[in-house]
Structure formats: structure tokens, C-alpha cells
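To start, the structure under review is shown below, and the notes come after it.
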Amino acid sequence: MKPVTLTSNFVVYQEDELSAEDREIIAHARKASESSYAPYSAFHVGAALRLSDGTIVAGSNQENASYGITQCAERNALHHAACYYQTQAPTALAIAAETGGQFLDQPIPPCGACRQAILETEHRYGQKIRILLYGAKGTWVCEGIENLLPLQFVGDCLL
């Protein structure tokens, strides 16, 4: 038997420590949460995706009484970018969540399906995406999805 340890690397920033570019994309994610449709959970999530040309694409979660067809904010932003900006690689993704009219103190990570979609996007464009998880008491930043998804299911697994 050989034990294996997997680690995730993050840097936690206070708002005044973030670059202007990071604060901008977080502001877009926070704003996107306002367009969330979350009548069942009251959990409003916004995501903002910065593309290589500087364009910012936003997405929000859209719930359905049949939870299985609910759409997450992250995948909405990723899929919109893939449809309308195919040649622009995503460089950063910010995620913010609020409930009861307040943003959460601690950041929330993307769900498993969104992690897989981020992984596929990184492979599609051949580069890592900077991920910013916003919380009112600090933003967690990691470089690349491997920090959120250390064991990855990629196309090579299908061979």
C-alpha cells in the first residue's frame, strides 16, 4: 500500500490586496448574481469569465423545480463564451454567491459538473484559467482547475 496526498493551492486576498483587474471581474460576478433565478433555494450565484481579448462574459444560476435541469452560473458563462467567442480563450473566472441579500462570508467552490466543464475548457484552449472565489471575508484565488479537481477525468481516460 502506498498513501497518496493531494493538495490544493490557494492564495487568500482581502479586497484591497486584489489587482484592479481582479476586482473588476469579481464585481461582474457579484452583479451577475442579481439575474439569478433561484426561487427554490434562494441561493443566488453569479459568475464572470474574462476572455483573452479582455471581454467579460457573465452567467447566473437558473433553477428549475426539476433540480436536475438547473443550470449553474459557471457553466452558463463558459457555454456563452464558447458559443459567441470561440477564438477567445478564457483567462479568469470569478464566482460569487449570496443568499438573504448578503454575499457569503466564505467563498463557494464550483460544483463537480462545473469543475469538469472548467477542466474541459482549459484542455480546449491549452491553458489554465485563474479562478477567483469571492467571499465577503476574503477571495480565494487559484491558478488552474487542478487545484479544485486534482483527479481529472479527461479525454485520455476514454481510450
Looking only at heavy atoms, which two atoms of [X] and [Y] are closest? And how far apart?
X	Y	value
Ala29	Ala48	N-CB, 3.6 Å
Cys111	Cys72	SG-SG, 3.8 Å
Leu49	Pro90	CD1-CB, 3.6 Å
Gly59	Asn76	CA-CB, 4.2 Å
Ile25	Ala92	CD1-O, 3.6 Å
Ala96	Ser33	O-CB, 4.4 Å

For [Y], is there any backbone N or O sitting under 3.5 Å from a side-chain donor or acceptor partner on [X]?
X	Y	value
Arg115	Leu148	yes
Arg130	Asp22	no
Ser41	Ala38	no
Arg23	Leu18	yes
Glu17	Gln14	yes
Thr91	Ser52	no

Sequence neighbours excluded - salt bridge (Lys or Arg N to Asp or Glu O under 4.0 Å) pairs with any residue from [range]:
range	answer
residues 118-127	none
residues 76-97	none
residues 61-76	none

Should Pro110 and Ile95 count as side-chain neighbours, where that means a heavy-atom distance under 4.5 Å?
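Counting from C-beta outward, Pro110 and Ile95 do come under 4.5 Å.
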
Contact check, side chains of Ile129 and Ile145, non-hydrogen atoms, under 4.5 Å
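Not touching, per the 4.5 Å side-chain cut-off.
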
Count the heavy atoms belonging to other residues, nucleotides or ligands that lie under 6.0 Å from CD of Glu15, then report whether that count exceeds 12.
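No.
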
Membership question, hydrophobic clusters at under 4.5 Å side-chain separation (ILVMFWY): are [Y] and [X] in the same one?
X	Y	result
Val12	Ile26	no
Val45	Leu132	no
Tyr13	Phe10	no

Roughly how far, to the nearest 0.5 Å, is the [atom2] atom of [Y] from the [atom1] atom of [X]?
X	Y	atom1	atom2	value
Glu146	Ile131	CD	CD1	8.5 Å
Leu78	Leu93	CG	CG	6.0 Å
Lys128	Leu119	NZ	CG	12.0 Å
Gln86	Leu51	CD	CG	11.0 Å

Pairs in or reaching into residues 51-94: which pass ring pair (Phe, Tyr, Trp, His ring centres under 6.0 Å), with residues at least two apart or in two chains?
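Residue pairs passing ring pair (Phe, Tyr, Trp, His ring centres under 6.0 Å), neighbours aside: His80-Tyr84.
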
Filter on ring pair (Phe, Tyr, Trp, His ring centres under 6.0 Å), then keep only pairs touching residues 20-59, sequence neighbours left out; what's left?
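Residue pairs passing ring pair (Phe, Tyr, Trp, His ring centres under 6.0 Å), neighbours aside: none found.
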
Flag for [Y]-[X]: side-chain donor and acceptor within less than 3.5 Å:
X	Y	value
Ser36	Asn61	yes
Gln62	Ser60	yes
Asp53	Thr55	yes

Which atom pairs, one a donor and one an acceptor, fall under 3.5 Å between side chains of residues 98-109 and the rest of the protein, sequence neighbours left out?
from: Glu98; atom 1: OE1; to: Gly101; atom 2: N; distance (Å): 3.1
from: Thr99; atom 1: OG1; to: Ala42; atom 2: O; distance (Å): 2.7

Quick one: which of Val11, Asn9, Leu133, Asn147 gives a side-chain contact (heavy atoms from CB on, under 4.5 Å) with Cys142?
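Checked Val11, Asn9, Leu133, Asn147 against Cys142; only one passes side-chain contact (heavy atoms from CB on, under 4.5 Å): Asn147.
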
